[in-house]
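In what follows, every heavy atom counts, from backbone to side chain, and hydrogens, waters and symmetry copies are set aside.
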Amino acid sequence: MNPLAVVEQDGQETRVRLERQLKHPVEEVWSMLTDNGKLKQWFSELRVEDLREGGTISFDMQDGTYEYFEILELKPYAVLEYTWAENRVRFELSPEPEGCRLVFVESVVSVNDHTPKDIAGWDVCLDVIEALLDGKTVSERKAVWEEKYAQYVERFAELGKG
């Protein structure tokens, strides 16, 4: 299992960083983030509506409504950053000799009870991206999420004591 996210706080926000070393070229990983056919394999509620800075990504709330997130930064094959409610999520890709490095950062304005759920979800999503690229599946997504969620509850509780 991949290590938990690194969580850092400054006076204004909390940054949560996840990293994966993937054995696949940047172009393949980028398509997992931006091609709706591949995106739905690991995050079925997300859809790229307009892939450009200022464009949008929609989130199907599963109740007939959608949330729309603005793409804040787009550098093809390198950076995709968009709003995530009041937060921001950022994917950074960089080529490596054996494939590429994927760095995910969520900048959290206000940590609350939902934050560990959100971060556990992103952590599992990155596991699923890696598995899909490797030609595998993550069959027990919910069980993996529950285990990571419990660990993130502890991690964020410790952060609050600091």
Side-chain angles (χ1 to χ4, degrees), residues 1-8 14-51 55-63 66-69 71-85 87-108 113-156:
M1 190 184 313
N2 287 300
L4 290 181
V6 173
V7 181
E8 298 175 322
T14 301
R15 274 181 302 290
V16 181
R17 177 187 170 100
L18 290 158
E19 190 171 315
R20 299 290 190 274
Q21 298 291 335
L22 302 172
K23 296 177 181 122
H24 303 275
V26 165
E27 294 80 8
E28 280 185 42
V29 181
W30 181 256
S31 71
M32 295 297 288
L33 304 175
T34 59
D35 176 292
N36 286 323
K38 293 179 181 176
L39 184 60
K40 73 179 180 181
Q41 295 175 31
W42 64 271
F43 203 145
S44 61
E45 297 84 5
L46 279 186
R47 179 172 176 76
V48 175
E49 300 293 337
D50 186 8
L51 188 61
T56 55
I57 294 179
S58 64
F59 183 93
D60 185 345
M61 300 297 288
Q62 305 292 303
D63 62 4
Y66 294 82
E67 271 195 54
Y68 293 92
F69 306 128
I71 297 174
L72 302 171
E73 186 175 353
L74 178 75
K75 293 180 182 163
Y77 308 108
V79 176
L80 175 62
E81 181 176 2
Y82 48 92
T83 58
W84 188 256
N87 301 329
R88 293 183 325 278
V89 295
R90 181 180 180 91
F91 296 88
E92 298 174 355
L93 299 175
S94 54
E96 303 258 317
E98 302 287 321
C100 78
R101 180 168 25 130
L102 167 61
V103 175
F104 168 87
V105 177
E106 182 167 355
S107 299
V108 181
D113 290 344
H114 187 75
T115 305
K117 294 176 184 175
D118 191 33
I119 300 306
W122 282 116
D123 200 337
V124 171
C125 282
L126 296 187
D127 289 347
V128 173
I129 289 171
E130 185 172 13
L132 289 168
L133 287 167
D134 289 345
K136 302 174 186 169
T137 59
V138 176
S139 56
E140 299 295 324
R141 278 175 87 157
K142 189 170 195 297
V144 173
W145 178 87
E146 287 171 350
E147 183 180 336
K148 289 185 182 205
Y149 169 63
Q151 294 173 322
Y152 283 118
V153 166
E154 288 180 27
R155 167 102 16 121
F156 283 99

Q | Identified salt bridge (charged side-chain N to carboxylate O under 4.0 Å, His left out) counterpart of Asp123 within the set Arg17, Arg20, Arg141, Arg155 | A |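 Going through Arg17, Arg20, Arg141, Arg155 one by one, the salt bridge (charged side-chain N to carboxylate O under 4.0 Å, His left out) with Asp123 is satisfied by Arg20 alone.
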For a quick test of reading the model, state the closest non-hydrogen atom pair linking [X] to [Y] and the distance between them.
| X | Y | answer |
| --- | --- | --- |
| Leu18 | Pro3 | CD2-O, 4.4 Å |
| Ser107 | Asn87 | O-CB, 3.1 Å |
| Ser94 | Val26 | C-CG2, 3.9 Å |
| Leu93 | Cys100 | CD2-SG, 4.4 Å |

Q: Would you indicate whether Tyr68, at its atom OH, is surrounded by more than 12 heavy atoms from other residues, nucleotides or ligands within a distance under 6.0 Å?
A: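 Enclosed: over 12 neighbouring heavy atoms sit under 6.0 Å from OH of Tyr68.
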(Q) Are more than 12 heavy atoms, taken from residues, nucleotides or ligands other than Gln62, located less than 6.0 Å from that residue's CD atom? (A)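 Buried by this count: over 12 neighbours within 6.0 Å.
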Give, for atom [atom1] of [X] and atom [atom2] of [Y], the distance between the pair rounded to the nearest 0.5 Å.
| X | Y | atom1 | atom2 | result |
| --- | --- | --- | --- | --- |
| Phe59 | Ile57 | CZ | CD1 | 12.0 Å |
| Gln21 | Asn2 | CD | CG | 10.0 Å |
| Met61 | Glu45 | CE | CD | 9.5 Å |
| Arg101 | Glu19 | CZ | CD | 5.0 Å |

Q. Can Val124 and Tyr149 be said to form a side chain to side chain contact (heavy atoms under 4.5 Å, CB included), step by step?
A. CA-CA 10 Å; Val124 171; Tyr149 169 63; over 6 Å; no
With a 4.5 Å heavy-atom cut-off, do [X] and [Y] have their side chains touching?
| X | Y | value |
| --- | --- | --- |
| Glu28 | Leu22 | no |
| Asp134 | His24 | yes |
| Ile129 | Leu33 | yes |
| Lys117 | Tyr152 | no |
| Trp122 | Leu126 | no |

Tell me which donor-acceptor pairs under 3.5 Å the side chains of residues 72-85 have, and how far apart each pair is, sequence neighbours excluded?
residue, atom, partner, partner atom, Å
Glu73, OE1, Arg90, NH1, 2.8
Glu73, OE2, Lys75, NZ, 3.1
Glu81, OE1, Arg90, NH1, 2.6
Glu81, OE2, Arg88, NE, 3.0
Thr83, OG1, Glu70, N, 2.8
Trp84, NE1, Asp118, OD1, 3.2

(Q) Restricting to salt bridge (Lys or Arg N to Asp or Glu O under 4.0 Å), what partner residues turn up for Arg15, sequence neighbours left out? (A)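 Arg15: salt bridge (Lys or Arg N to Asp or Glu O under 4.0 Å) contacts with Asp10, Glu13.
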Q | Full working for side chain to side chain contact (heavy atoms under 4.5 Å, CB included) between Lys148 and Asp127 | A | CA-CA 12 Å; Lys148 289 185 182 205; Asp127 289 347; 2.5 Å; yes
Side chains of residues 36-43: which donor-acceptor pairs under 3.5 Å do they make with residues two or more places apart or in other chains?
residue, atom, partner, partner atom, Å
Asn36, OD1, Val48, N, 2.7
Asn36, ND2, Val48, O, 2.9
Lys38, NZ, Ser31, OG, 3.1
Trp42, NE1, Met32, O, 2.7

